[in-house]
> 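My questions all concern the structure below.
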Amino acid sequence: MKSTYAQRVYDDVAGRNPGEPEFLQAVKEVLTSIEPALEGNPKFEDHAILERMVEPDRMIKFRIAWVDDQGKTQVNRGYRVEFNNAIGPYKGGLRFHSSVTQSILKFLGFEQVFKNALTGLWMGGGKGGSDFDTHGKSEGEVMRFCQAFMTELYRHIGPNTDIPAGDIGVGGREVGYMYGQYKRIMNEFTGVLTGKGLAFGGSLGRTEATGYGLCYYTDEVLKTMMNDSFEGKIVSISGSGNVSIYAAEKTLELGGIVQVMSDSSGYIYDPDGINLDLVKDIKLVRRERISAYADTRKKAEFSANKKVWERPCDIALPCATQNELEETDAKQLISNGVKLVAEGANMPTTPEAIEALRTAKVVYAPGKASNAGGVAVSGLEMTQDSQRLAWTFEETDARLQRIMKDIVAQSLSASNQYGLGNDLLLGANLAGFVKVANAMVDQGIF
Ligand code: NDP
Ligand code: 2IT
């Protein structure tokens, strides 16, 4: 790093957080990007802004005991990382997956701070979750786990304090069970979670928001930076969960072609274009593996333990998980002529892969900007809950479109302001950082 201040803070973070590679990866990316904002702005160092930003306000870690279908008691670990509330209550999803660690939730909470700032809504950053895996669990087990999880989490959250939502392994079903338990314990009906069912304070368009928002963002980048559109483009999408499915739906609506989707077991390739109704049935209704797709569609192929990035595409949308697009994948995409990579997942592209893409002049959009549509509509759900009014799908979707266009504009404006040209990565980090940093300065030492 060029800035001695940023380097000193990074070295300190690395020393104080051993065994947290994902967290250090996210911190390094942000600190490296925001150096231009530190130059000529000694107030940030005077107020120890970086030192305070890299340390969560609060880390809550707890035991969750629940009873499985065999009557056996199971124990999982739960977390909530309340990272920064300078510009609003802590806001961010809950992840239930066997791979969840403190490092992963800290990286997600840290990223969330800047992402939420970019939405233009009053939301601070947080993240939480558990190493509980919903795969292979019965409905009853999922419900009992969610209730047990909320039986501890409820005391730390609130509609004006900390508002969790979904992430990997947490969708409408899990949010519903957790909301029911919160309401039972607190005896109050408030917007303490987002992504709720439409009958109890949910927002139309939240389910689709991250995937649709990713495509609105990408469409705006195609228009403003590349004088192009989705029309006729081959678009590779990884994953087949909430973000992937609705990214595929909007891509198809905008005239793109989707031939591949995946899950952690491998990927499917359909030369005729993915039948999204079939993917939805397999993933959202039957909750089966993606390989079931190839059992029904005759021309489709399933490749076990392979990644979608080996197939040629014009646009790549990684929508599964962190570090899923590695340097070798990036090189393969580049040699196959990829023009744009926009992240639907959080930190899906490794630093080496980002470097390879940027060196090859592939347009690269960081997740904290391009996947902000989900939390943006969560923010709009909070507004509707406060008003006790439900907006139409069209109203929410129109606001989402404006927010995503504005994130592109803010990022380009920030990168140009610092003389960096049209740089979506540096611009997003700079715009998000400056907003939160100034709010922290204004509010005094805390
Ligand atoms: P889902 O649980 O709905 O889907 C996750 C998908 O990614 C599944 O297809 C899953 O496959 C795959 N996946 C998960 N973990 C791994 C892994 N370790 N290796 C390979 N594949 C994996 O989650 P979402 O769609 O909600 O989230 C996807 C990404 O988008 C995450 O990075 C999340 O943080 C991010 N995100 C989500 C938002 C939201 O609103 N939901 C908002 C912004 C970002 P399998 O079923 O086999 O595990
Ligand atoms: O990573 C994310 O932005 C999310 N999982 C959504 C968070 C939210 O509060 O809607």
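Values below: all heavy atoms of this structure, side chains included; hydrogens, waters and symmetry mates excluded. For this chain, numbers begin at 1 and follow the sequence in order. In listed order, ligands and their atoms are each counted from 1. Keep in mind the model is a prediction, meaning the values are calculated, not measured.
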> Of all the heavy atoms in His135, does at least one lie under 4.0 Å from an atom in ligand 1?
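Yes.
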
> Heavy-atom distances under 4.0 Å decide this one: backbone, side chain, both or neither, for Arg206 against ligand 1?
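The answer is the side chain of Arg206.
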
> Looking at atom 16 (C) of ligand 1, what's its closest protein heavy atom, distance included?
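Checking every protein heavy atom, the shortest distance to atom 16 (C) of ligand 1 gives Thr321 CG2, 3.7 Å.
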
> Within 45° of the ring axis of Tyr267 and under 6.0 Å from its six-membered ring centre, is that where the NZ or CZ of Lys306 lies?
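Verdict for Tyr267: no cation-pi partner in Lys306.
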
> Are Met261 and Ser244 side-chain neighbours, meaning at least one heavy-atom pair lies under 4.5 Å?
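When only atoms from C-beta onward are counted, Ser244 and Met261 do touch, with a gap below 4.5 Å.
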
> Is it true that Asp272 and Lys299 have a side-chain N and a carboxylate O under 4.0 angstrom from each other?
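Yes, charged N to carboxylate O under 4.0 Å.
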
> For Ser240, counting its heavy atoms only, list the atoms of ligand 1 lying under 4.0 Å from any of them.
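What qualifies from ligand 1 is 9 (O).
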
> Checking the N or O distance criterion of under 3.5 Å, is ligand 1 in contact with Gly169?
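The answer is yes, given that Gly169 and ligand 1 share an N or O pair closer than 3.5 Å.
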
> Would you mind listing which atoms of ligand 1 come within a distance below 4.0 Å of any non-hydrogen atom of Cys319?
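Close to Cys319: 28 (C), 29 (C).
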
> Which ligand 1 atoms, with their elements, are less than 4.0 angstrom from a heavy-atom of His97?
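Going through ligand 1 atom by atom, the ones under 4.0 Å from His97 are 15 (N).
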
> Protein residues near ligand 2, heavy-atom distance below 4.0 Å?
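Ligand 2 is contacted, at a heavy-atom distance under 4.0 Å, by Lys91, Gly92, Gly93, Gln112, Lys115, Lys127, Ala165, Gly166, Asp167, Arg206, Asn346, Gly374, Val375, Ser378.
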
> Taking the six-membered ring of Tyr269 as reference, does the cationic atom of Arg311 (NZ for Lys, CZ for Arg) lie under 6.0 Å from its centre and within 45° of its axis?
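Yes, Arg311 sits over the ring of Tyr269.
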
> State whether Lys106 and Glu20 are salt-bridged, where the test is any N-O pair (Lys NZ or Arg NE/NH1/NH2 against Asp/Glu carboxylate O) under 4.0 Å.
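Glu20 and Lys106: salt-bridged.
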
> For the CD1 atom of Ile407 and the NZ atom of Lys115, what is their distance to the nearest 0.5 Å?
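With rounding to 0.5 Å, CD1 (Ile407) is 9.5 Å from NZ (Lys115).
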
> Output yes when a protein non-hydrogen atom is found under 4.0 Å of atom 10 (C) of ligand 1, and no otherwise.
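No, no protein heavy atom sits under 4.0 Å from atom 10 (C) of ligand 1.
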
> Number the atoms of ligand 1 from 1 as they appear, then name those within less than 4.0 Å of a heavy atom of Gly239, with their elements.
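Once the distances to Gly239 are compared, the set is 9 (O).
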
> Contact between Phe107 and Lys127 at the side-chain level, heavy atoms closer than 4.5 Å - yes or no?
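When only atoms from C-beta onward are counted, Lys127 and Phe107 do not touch, as no gap falls below 4.5 Å.
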
> Heavy-atom distances under 4.0 Å are what count here, so tell me which part of Gln322 touches ligand 1: side chain, backbone, both or neither.
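Near ligand 1, Gln322 shows nothing, with every heavy atom at 4.0 Å or more.
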
> So do Leu214 and Tyr246 actually touch side chain to side chain, heavy atoms under 4.5 Å?
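No; the side chains remain at least 4.5 Å from each other.
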
> Is Lys250 positioned over the aromatic face of Tyr212, cation under 6.0 angstrom from the ring centre and no more than 45 degrees off axis?
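Yes, a cation-pi geometry.
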
> List the closest protein heavy-atom neighbour of atom 6 (C) of ligand 1: residue, atom name, distance to the nearest 0.1 Å.
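Result for atom 6 (C) of ligand 1: Gly241 N, 4.0 Å.
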
> Ligand 1 and Ser99, any nitrogen or oxygen pair closer than 3.5 angstrom?
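N/O-N/O distance below 3.5 Å does not exist for this pair.
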
> Would you say Arg388 has more than 12 foreign heavy atoms packed within less than 6.0 Å of its CZ?
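It does not: Arg388 CZ has 12 such atoms or fewer within range.
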
> Salt bridge between Lys137 and Asp69, side-chain N to carboxylate O under 4.0 Å?
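Looking at Asp69 together with Lys137, the answer is no, because their closest N to O distance does not fall below 4.0 Å.
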
> I need the atoms of ligand 1 closer than 4.0 Å to a non-hydrogen atom of Arg289, numbered in the order shown.
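Listed by number with element: 45 (P), 46 (O), 47 (O).
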
> Using a 4.0 Å cutoff against the non-hydrogen atoms of Ala345, which atoms of ligand 1 qualify?
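Close to Ala345: 29 (C), 30 (O), 32 (O), 35 (C).
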
> Are Lys339 and Asp314 close enough for a salt bridge, meaning some N to O gap below 4.0 Å?
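Not counted as a salt bridge, because no side-chain N and carboxylate O are separated by less than 4.0 Å.
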
> With a 4.0 Å cut-off on heavy atoms, does Met347 reach ligand 1?
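No, Met347 has no heavy atom closer than 4.0 Å to ligand 1.
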
> Purely on distance, is any nitrogen or oxygen of Asn346 under 3.5 Å from one on ligand 1?
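By distance alone, the answer is yes.
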
> Can you find an N/O atom of Arg95 closer than 3.5 Å to an N/O atom of ligand 1?
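Arg95 vs ligand 1: N/O contact under 3.5 Å present.
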
> Quick one: nearest non-hydrogen protein atom to atom 14 (C) of ligand 1, plus distance?
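Answer, as residue, atom name and distance: Ile168 CD1, 4.0 Å.
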
> Starting from atom 12 (C) of ligand 1, what is the nearest protein heavy atom, named by residue and atom, and what distance separates them?
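Answer for atom 12 (C) of ligand 1: Ala320 CB, 3.9 Å.
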
> What do you reckon, does Val243 have a nitrogen or oxygen under 3.5 Å from a nitrogen or oxygen of ligand 1?
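Yes, Val243 has an N/O under 3.5 Å of an N/O on ligand 1.
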
> Does a salt bridge link Arg358 with Asp423, judged by any charged N lying under 4.0 Å from a carboxylate O?
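A salt bridge links Arg358 with Asp423.
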
> Just to verify, which of Tyr154, Phe96, Phe132 counts as forming a ring pair (Phe, Tyr, Trp, His ring centres under 6.0 Å) with Phe149?
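With Phe149 as partner, Tyr154, Phe96, Phe132 yield a single ring pair (Phe, Tyr, Trp, His ring centres under 6.0 Å), made by Phe96.
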
> Going by the side chain to side chain contact (heavy atoms under 4.5 Å, CB included) test, name the single residue among Val258, Leu254, Leu276 that passes it with Glu249.
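Going through Val258, Leu254, Leu276 one by one, the side chain to side chain contact (heavy atoms under 4.5 Å, CB included) with Glu249 is satisfied by Leu276 alone.
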
> Taking the side chain as everything from C-beta on, heavy atoms only, tell me whether Gln147 gets closer than 4.5 Å to Met178.
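They are not in side-chain contact.
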
> For Thr210, is at least one N or O under 3.5 Å away from an N or O on ligand 1?
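Thr210 vs ligand 1: N/O contact under 3.5 Å present.
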
> If the test is side chain to side chain contact (heavy atoms under 4.5 Å, CB included), which one of Arg399, Glu208, Arg206, Met382 qualifies with Val377?
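The single option meeting the side chain to side chain contact (heavy atoms under 4.5 Å, CB included) with Val377 is Arg206.
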
> Below the 3.5 angstrom mark, is there an N/O of Lys283, backbone or side chain, next to an N/O of ligand 1?
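Between Lys283 and ligand 1 (N or O atoms, distance only) the closest approach is not under 3.5 Å.
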
> Is the distance between the ring centroids of Phe110 and Phe83 under 6.0 Å?
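That pair passes the under 6.0 Å test.
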
> Could you check atom 41 (N) of ligand 1 against the protein and tell me its nearest heavy-atom contact, residue, atom and distance included?
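The answer is Asn242 OD1, 3.6 Å.
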
> When only distance counts, is Ser264 in polar contact with ligand 1, meaning an N/O pair under 3.5 Å?
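There is such a contact, yes.
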
> Once you restrict to heavy atoms under 4.0 Å, what part of Asn371 touches ligand 1? Side chain, backbone, both or neither.
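The answer is both.
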
> Among protein heavy atoms, which lies nearest atom 34 (O) of ligand 1, and at what distance?
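Protein heavy atom at minimum distance: Asp167 OD1, 2.7 Å.
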
> Can Val30 and Lys368 be said to form a side-chain contact (heavy atoms from CB on, under 4.5 Å), step by step?
CA-CA 11 Å; Val30 170; Lys368 64 168 73 66; 4.0 Å; yes

